Asker: 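Below is a structure I'd like to ask you about.
Since the structure is predicted, the reported quantities are computational estimates derived from the model, not experimental observations. So that the names make sense, note that chain A is the first sequence line, chain B the second, and so on, each numbered from 1.
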There are 2 protein chains.
Amino acid sequence: MPVATNEASTAERILDVAEGLVQVRGFNGFSYAHVAGELGITKASLHYHFPGKGELGEALIERYATRFADALGAIDRDALDALAKLHAYAELYSGVLRGDRMCLCGMLAAEYETLPEAMGAAIVRFFDANEAWLAGVLDAGRDDGSLAFAGKSSDAAQTILAGLEGAMLVARPYHAPERFEVAADRLLGTFAAPSGAPNRLR
Amino acid sequence: MPVATNEASTAERILDVAEGLVQVRGFNGFSYAHVAGELGITKASLHYHFPGKGELGEALIERYATRFADALGAIDRDALDALAKLHAYAELYSGVLRGDRMCLCGMLAAEYETLPEAMGAAIVRFFDANEAWLAGVLDAGRDDGSLAFAGKSSDAAQTILAGLEGAMLVARPYHAPERFEVAADRLLGTFAAPSGAPNRLR
DNA sequence: GTCTATAGGCAGATAGAC
DNA sequence: GTCTATCTGCCTATAGAC
């Protein structure tokens, strides 16, 4: 069992730097030289930890998806009402954008056609997991009357995911995170029940 | 004055091929070699028409924006009601996606941080023009009662643009254009006036 | 685990012949 | 306008010493 320490492992630090680079510049816009330079090690050392760029990319998505799933679990544990959960979800994106970054998987979705198959599959799994969580929140909210919307919750979940990813995408060229907030609030506002309070009769 | 002909000029054919490559693979995912190969000419010839990749990129956005503006003008001339105009606007995106392409400027927005300044500025102008047109349609629709929404029309326009760009971005990894339709219809549905008919009292 | 050294390929770009 | 030939630089990746 490894001893607990404040120092992150080299592999973790590589992932940290690479993650930032991909979220800002894209998978085709960063290189081993970028990562090695920022870490003060050589390109050859990177290949010891991640044999190729594809494997590094897979590890990046894997870790990002796990961290995201943990954040969704934390939102669930806070026992907020459905609308507050949706806003907490949007706040996750907001934090990413304030770091001048795009969602990792949103960025990779743009480059999808140039990526190794394994990375593409991992991206789809990330979106699926997010939509499943959103659909659960939407169903619960409609059941207790705190949310109001027509149609399938899975369709609504797709709309929310797409809206938030798009809001990040468009906000970045403006260097204006508030553009994201405006679009996110509007989007989520369309799901609030008219009364504003849960309907206790259902 | 040049004689009219069915043959596109070499510069135009370069733009055609490069446009497709950027919309599928991104600006950092295509090369002069790709374009030259598909056209059956050499890389050196490309440099005669476009001195550098940056200039080619600028020309790409310029032409794309002009074509988009023309399409918006055509929608205006069809004298549809506001909601129909919004759906016609979404249909523009739909057509791009059915060609397995991302919106050119949506793709470039992801890569924004790696692009020459002139390209970045042109991308912002594209988004600005789209939002201005959308805001005009939204204002007109609210005035004649065919649309209903709260807040500033410019904020609503941002939400629509972001939602459609995001819906394209997320739909592509699924190779499922219908995912776009679902999100787009839901998004635009939130702007329809409750009665469905124009309010003649305003 | 990290290094030096290097391979082999592809990138964007230029000079100059035709 | 398009070509051949070439340059320089960066890319991913590997071999092998320490």
Asker: Start with the C-alpha distance between B:D139 and B:K152, add both sets of side-chain angles, then the distance that settles salt bridge (Lys or Arg N to Asp or Glu O under 4.0 Å), and finish with yes or no.
Answerer: CA-CA 9 Å; B:D139 279 330; B:K152 291 195 294 180; over 6 Å; no

Asker: Please step through side chain to side chain donor-acceptor pair (under 3.5 Å) for the pair A:S154 and A:E131, ending with a clear verdict.
Answerer: CA-CA 7 Å; A:S154 58; A:E131 286 180 8; over 6 Å; no

Asker: Could you state the OH-P distance from A:Y48 to C:dT4, rounded to the nearest angstrom?
Answerer: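 Going from OH in A:Y48 over to P in C:dT4 covers 18 Å.
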
Asker: Just to be sure I understand the geometry, which residues of residues 13-24 of chain A put a non-hydrogen atom under 4.0 Å away from DNA chain C?
Answerer: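 When residues 13-24 of chain A is checked for heavy atoms under 4.0 Å from DNA chain C, there are no hits whatsoever.
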
Asker: Using atom CD1 of B:I41 as one end and atom C1' of D:dT4 as the other, report the distance to the nearest whole Å.
Answerer: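 Rounding to the nearest Å, CD1 of B:I41 and C1' of D:dT4 are 15 Å apart.
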
Asker: Roughly how bent is the helix from C:dG1-D:dC18 to C:dC18-D:dG1 end to end, in steps of 10 degrees, with each end axis from five pairs?
Answerer: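 Roughly 0°, once rounded to the nearest ten degrees.
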
Asker: Parallel, tilted or perpendicular, judged at 30° and 60°: which one describes the rings of A:Y64 and A:F126?
Answerer: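 It falls in the tilted class, 30° to 60°.
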
Asker: I need the CD-C1' distance between A:E7 and C:dG1, as an integer number of Å.
Answerer: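 Interatomic distance, CD of A:E7 to C1' of C:dG1: 16 Å.
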
Asker: Would you list the protein and nucleotides 11-15 of chain D atom pairs, both N or O, that sit under 3.5 Å from each other?
Answerer:
{"from": "D:dC11", "atom 1": "OP1", "to": "A:S31", "atom 2": "OG", "distance (Å)": "3.0"}
{"from": "D:dT12", "atom 1": "OP1", "to": "A:K53", "atom 2": "NZ", "distance (Å)": "3.1"}
{"from": "D:dT12", "atom 1": "OP2", "to": "A:Y32", "atom 2": "N", "distance (Å)": "3.1"}
{"from": "D:dA13", "atom 1": "OP2", "to": "A:K53", "atom 2": "N", "distance (Å)": "2.9"}
{"from": "D:dA13", "atom 1": "N7", "to": "A:H47", "atom 2": "NE2", "distance (Å)": "3.3"}

Asker: Relative to A:F30, does A:R25 satisfy both conditions: NZ or CZ under 6.0 angstrom from the six-membered ring centre, and within 45 degrees of the ring's axis?
Answerer: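 Ring-cation test returns no.
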
Asker: Kindly compute the distance separating CE (A:M119) from OG1 (A:T114), expressed to the nearest 0.5 Å.
Answerer: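 Rounded to the nearest 0.5 Å, the CE-OG1 separation comes out at 8.0 Å.
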
Asker: Any luck finding a side-chain donor-acceptor pair between B:S146 and B:D81 under 3.5 Å?
Answerer: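 No - no donor-acceptor pair under 3.5 Å links their side chains.
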
Asker: Just checking, A:K53 and A:Y32: is the charged tip under 6.0 Å from the six-membered ring centre and within 45° of the axis?
Answerer: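 Geometry flag: not set, cation outside 6.0 Å or 45°.
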
Asker: Answer yes or no for B:R172 and A:Y112: cation-pi contact, defined as NZ/CZ to six-membered ring centre under 6.0 Å and angle to ring axis within 45°.
Answerer: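 The answer is no, since B:R172 fails at least one limit relative to A:Y112.
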
Asker: Would you mind reporting whether B:Y89 and B:N130 have side-chain heavy atoms less than 4.5 Å apart?
Answerer: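 They are in contact (side-chain heavy atoms under 4.5 Å apart), so the answer is yes.
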
Asker: Could you walk me through whether B:L97 and B:S94 pass side chain to side chain contact (heavy atoms under 4.5 Å, CB included), step by step?
Answerer: CA-CA 5 Å; B:L97 190 63; B:S94 225; 5.7 Å; no

Asker: Check the phosphate of D:dT4 against B:T42, side-chain N and O only, distance under 4.0 Å to OP1 or OP2. Yes or no?
Answerer: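 No.
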
